[in-house]
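For reference, the structure is listed below as structure tokens.
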Amino acid sequence: MISTQDWDDTQRLWDYHQMGHTPRPCSVAIGLGSHDLGVADAAADLYERGKTPLLVFTGATSPTTRERMPRGEAVHYRERAIELGVPDSAVMVEPRARNTGENIRFARDLLAEAGIGVSSVLLISKPYEERRAYATARKLWSEVEIVSASSPMTLHDYIDSIGDARLVIDMLVGALQRLLVYPEQGFMISQQVPVDVLNAYDRLAQGGYTSRLLRDDKGEVVEPTT
């Protein structure tokens, strides 16, 4: 049973993970690979609305996508975008990235090798990964402006799309942990986390929503050192 407090805390994390950026025209849109084809849907919508002339999809496979996307996340995203009306000429594919940092670096390098100038990026992710994607891109590609984007939906809409409320809460908790830990490891910029969000994270983690938390070699949950 998910308590009222758990739902309130989950909503706090959901709201914090979203950046609240308003999509605007950018040099390119980069869709970050995952299990969620909604990233491709959001990219196609932004293209059709004239927010970008070019889409780059980046991602190989992971244990959670190997069966659903056997040709690779970026390839499946491309196929979905073309199915939705985006011309093939407006889509590039980066098929090697296996984490968010590689998504950013490999997409950046692909565009540079193609001689495509980039001053701004519409960075498209799952709704609860907006802040993590933004923080990673600001660390690795600081010279361009980053505008975060995702499929517009509520927390409960997203849970309905996944079909497993506890799994979604676990994912939100895991994403927040990474925002606390990864800056110390050099993977992303540090961002201020409000006290109410930290408290919500602590309560949910203590309540057992821990399947997506990073653990050390001893099986202990990784905590920030500062």
Side-chain angles (χ1 to χ4, degrees), residues 16-34 36 38-60 62 72-75 77-78 81 86-87 89-152 175-194 224-226:
Y16 179 70
H17 283 309
Q18 296 194 316
M19 296 295 295
H21 292 171
T22 299
R24 66 167 186 80
C26 289
S27 306
V28 63
I30 298 176
L32 306 184
S34 73
D36 190 351
V39 172
D41 292 359
D45 177 66
L46 290 165
Y47 177 85
E48 292 298 328
R49 290 163 55 194
K51 302 300 183 183
T52 182
L54 179 65
L55 306 180
V56 176
F57 293 125
T58 167
S62 70
E73 296 155 4
V75 172
Y77 278 13
R78 171 187 172 275
V86 179
S89 59
V91 183
M92 298 177 71
V93 167
E94 184 294 298
R96 298 180 297 123
R98 296 186 181 276
N99 57 56
T100 306
E102 289 185 352
N103 287 142
I104 303 301
R105 291 191 291 109
F106 293 173
R108 178 196 63 195
D109 294 348
L110 177 69
L111 289 161
E113 290 166 5
I116 297 170
V118 177
S119 61
S120 55
V121 173
L122 273 168
L123 192 61
I124 308 170
S125 64
K126 300 186 293 293
Y128 72 90
E129 291 280 13
E130 280 193 15
R131 189 172 292 275
R132 176 183 175 184
Y134 174 84
T136 304
R138 292 285 292 113
K139 177 72 175 183
L140 298 176
W141 205 357
S142 59
E143 64 271 26
V144 303
E145 183 176 0
I146 304 297
V147 179
S148 290
S150 64
S151 295
L176 198 288
Q177 180 205 33
R178 285 156 176 79
L179 291 174
L180 299 173
V181 171
Y182 279 176
E184 297 176 351
Q185 300 177 2
F187 297 151
M188 62 174 64
I189 64 166
S190 178
Q191 298 176 92
Q192 183 172 355
V193 183
T225 59
T226 57

Problem set entry | Listed once per pair and sorted, the ring pair (Phe, Tyr, Trp, His ring centres under 6.0 Å) pairs that draw on residues 113-139, sequence neighbours left out |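 Only His21-Tyr134, Tyr128-Tyr158 qualify under ring pair (Phe, Tyr, Trp, His ring centres under 6.0 Å).
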Exercise. What do the steps show when you test Gln191 against Met19 for side chain to side chain contact (heavy atoms under 4.5 Å, CB included), and what is the final call?
Worked result: CA-CA 12 Å; Gln191 298 176 92; Met19 296 295 295; 4.2 Å; yes
For this session: Identify, with sequence neighbours excluded, every residue that meets salt bridge (Lys or Arg N to Asp or Glu O under 4.0 Å) alongside Asp36.
Result: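 If we apply the salt bridge (Lys or Arg N to Asp or Glu O under 4.0 Å) test to Asp36, skipping adjacent residues, there are no hits.
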Exercise. What residues, two or more places apart in sequence or in another chain, satisfy salt bridge (Lys or Arg N to Asp or Glu O under 4.0 Å) together with Glu48?
Worked result: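 Residues passing salt bridge (Lys or Arg N to Asp or Glu O under 4.0 Å) with Glu48: none at all.
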[atom2] on [Y] to [atom1] on [X], rounded to 0.5 Å:
X      : Y      : atom1 : atom2 : value
His17  : Ser125 : NE2   : OG    : 11.0 Å
Tyr16  : Arg131 : OH    : CZ    : 4.0 Å
Leu32  : Thr136 : CG    : OG1   : 8.5 Å
Leu179 : Gln192 : CG    : CD    : 13.0 Å
Gln177 : Arg132 : CD    : CZ    : 10.0 Å

Please give me the minimum heavy-atom distance between [X] and [Y], naming the atom from each residue.
X     : Y     : answer
Pro23 : Leu46 : CB-CD2, 3.7 Å
Phe57 : Ala81 : CE1-CB, 3.7 Å
Ala40 : Tyr77 : CB-O, 3.6 Å

Donor-acceptor contacts, no H, no angles, side chain residues 101-124, under 3.5 Å, sequence neighbours left out:
unit_1 : atom_1 : unit_2 : atom_2 : d
Glu102 : OE1    : Arg98  : N      : 2.8
Asn103 : ND2    : Thr58  : O      : 3.3
Asn103 : ND2    : Thr58  : OG1    : 3.0
Arg108 : NH1    : Leu140 : O      : 2.9
Ser119 : OG     : Ser27  : OG     : 3.3
Ser120 : OG     : Ser27  : N      : 3.1

Test of understanding: with side-chain hydrogen bond (donor to acceptor under 3.5 Å, both in side chains), list the residues that count as partners of [X], not counting sequence neighbours.
X      : value
Ser151 : none
Glu130 : Ser150
Ser62  : Thr64, Thr65
Arg178 : none

Problem set entry | By side chain to side chain contact (heavy atoms under 4.5 Å, CB included) - contacts of Pro183 (at least two apart) |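 Pro183 satisfies side chain to side chain contact (heavy atoms under 4.5 Å, CB included) with Met188, Ser190 once adjacent residues are dropped.
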Exercise. Would you say Thr52's side chain and Ala29's backbone share a donor-acceptor pair under 3.5 angstrom?
Worked result: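 Checking the backbone N and O of Ala29 against the side chain of Thr52, a donor-acceptor pair under 3.5 Å is found.
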For this session: Before giving the answer on side chain to side chain contact (heavy atoms under 4.5 Å, CB included), spell out for Val28 and Leu55 the whole-Å C-alpha distance, their side-chain angles and the decisive distance to 0.1 Å.
Result: CA-CA 6 Å; Val28 63; Leu55 306 180; over 6 Å; no
Problem set entry | Side-chain touch Met92/Glu94, heavy atoms, less than 4.5 angstrom |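 Met92 vs Glu94: side chains apart.
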Exercise. What pairs of residues pass the salt bridge (charged side-chain N to carboxylate O under 4.0 Å, His left out) test when at least one of them lies in residues 136-146, not counting sequence neighbours?
Worked result: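 Pairs touching residues 136-146 that pass the test: Arg24-Glu145.
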For this session: Return the set of residues passing ring-ring contact (aromatic ring centres under 6.0 Å, His included) with Phe187 (not counting sequence neighbours), or none when no residue passes.
Result: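 Once residues adjacent in sequence are excluded, the partners of Phe187 under the ring-ring contact (aromatic ring centres under 6.0 Å, His included) criterion are Tyr182.
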